[in-house]
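For reference, the structure is listed below as structure tokens.
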Amino acid sequence: MALSSSSSTLLRRLLGSTPLSSSRSSVLRAAFCSSSSSGPSPTLPPPSTIFGDDTEVANVPPLTTPKLFVSGLSRLTTDEKLKSAFAPFGQLLEVKVITDRVSGRSKGFGFVRYASLQEAETARQEMNAKFLDGWVIFVDPAKQREQKPAPQPDTASSHTGFTINKTVGWCG
DNA sequence: GTTGAGCGTT
């Protein structure tokens, strides 16, 4: 149950030649449902226990942030290329391909931010595991880059007038 | 040219 979309290395290898059978459960279901009119079967549990329900397994959890993390980008892919790929799926508030400050080239991943979650989900379901510039890209919800800047409540002076000396330096 | 894990600059 530890299926995560972060396994890009193995997935892009498999995506090279995957028949992608989506209606495999229909064949098995027909075999079970064709012989169930003569009382309960002590040897076989009800089909609902095996397959659960008509719920598809490809159900993905909804997003919680309009910001998406796009990985698997080609080194030749830039901001404009990424923007052009995610543009028709919604209003992009910000598109950024992370480039190394030293070498000045793309790191192979970027971020896209939509105006709403609806657009982000659409873009994710439409652009996840798709080809972009010859490489299979992966769209995942991005983390919050904004970590607490200064959550220090008692950084000023207290009413008691005492000031804690935080100089816990080395005694040597 | 630089081939592949990962979460960014202001």
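Residue numbers begin at 1 in each chain, while the letters A, B, ... track the order of the sequences. Because the structure is a prediction, the values reported are computed rather than measured. Side chains included, hydrogens not; waters and symmetry mates left out as well; all remaining heavy atoms used.
- Looking at Thr122(A), Leu68(A), Leu82(A), Ile137(A) one by one, the single match for side-chain contact (heavy atoms from CB on, under 4.5 Å) with Met127(A) turns out to be Ile137(A).
- Put simply, CZ on Arg113(A) is 18 Å from P on dT10(B), counting in whole angstrom units.
- DNA chain B lies under 4.0 Å from at least one heavy atom of each of the following residues of residues 86-101 of chain A: Glu94(A), Lys96(A), Ile98(A), Arg101(A).
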Throw together a table of side-chain donor-acceptor distances under 3.5 angstrom for residues 97-107 of chain A, partners on residues two or more places apart or in other chains.
| residue | atom | partner | partner atom | Å |
| --- | --- | --- | --- | --- |
| Asp100(A) | OD2 | Val102(A) | N | 2.8 |
| Asp100(A) | OD2 | Ser103(A) | N | 2.8 |
| Asp100(A) | OD2 | Ser103(A) | OG | 3.4 |
| Ser106(A) | OG | Gly108(A) | N | 3.1 |

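- Residue pairs satisfying the ring-ring contact (aromatic ring centres under 6.0 Å, His included) criterion with at least one member in residues 84-109 of chain A, sequence neighbours excluded, are listed as follows: Phe69(A)-Phe109(A).
- Separating the CZ atom of Phe111(A) from the C1' atom of dT10(B) is a distance of 14 Å, rounded to the nearest angstrom.
- Look at CG on Leu73(A): it is 15 Å from P on dG8(B), rounded to the nearest Å.
- Distance, Phe69(A) CZ to dG8(B) P: 9 Å, rounded to whole Å.
- Between the CZ atom of Phe109(A) and the C1' atom of dC7(B) there is a distance of 6 Å, rounded to whole Å.
- In this structure, of dG6(B), dT2(B), dC7(B), it is dT2(B) that holds the atom nearest to the side chain of Leu76(A).
- Of the two residues near DNA chain B, Ala142(A) and Ser74(A), the one whose nearest nucleotide lies more 5' is Ser74(A).
- In this view, Tyr114(A) satisfies the ring pair (Phe, Tyr, Trp, His ring centres under 6.0 Å) rule with no residue, not counting sequence neighbours.
- Partners of Ser84(A) according to the side chain to side chain contact (heavy atoms under 4.5 Å, CB included) rule, which considers only residues two or more places apart in sequence or in another chain, do not exist here.
- Distance NZ (Lys107(A)) to P (dC7(B)): 10 Å, rounded to an integer number of Å.
- For Lys67(A) and dG8(B), a side-chain-to-base donor-acceptor distance below 3.5 Å is present, hydrogens and geometry of angles not being considered.
- Partners of Lys67(A) under the side chain to side chain contact (heavy atoms under 4.5 Å, CB included) rule, at least two apart in sequence or in another chain, are Thr65(A), Arg113(A), Ala142(A).
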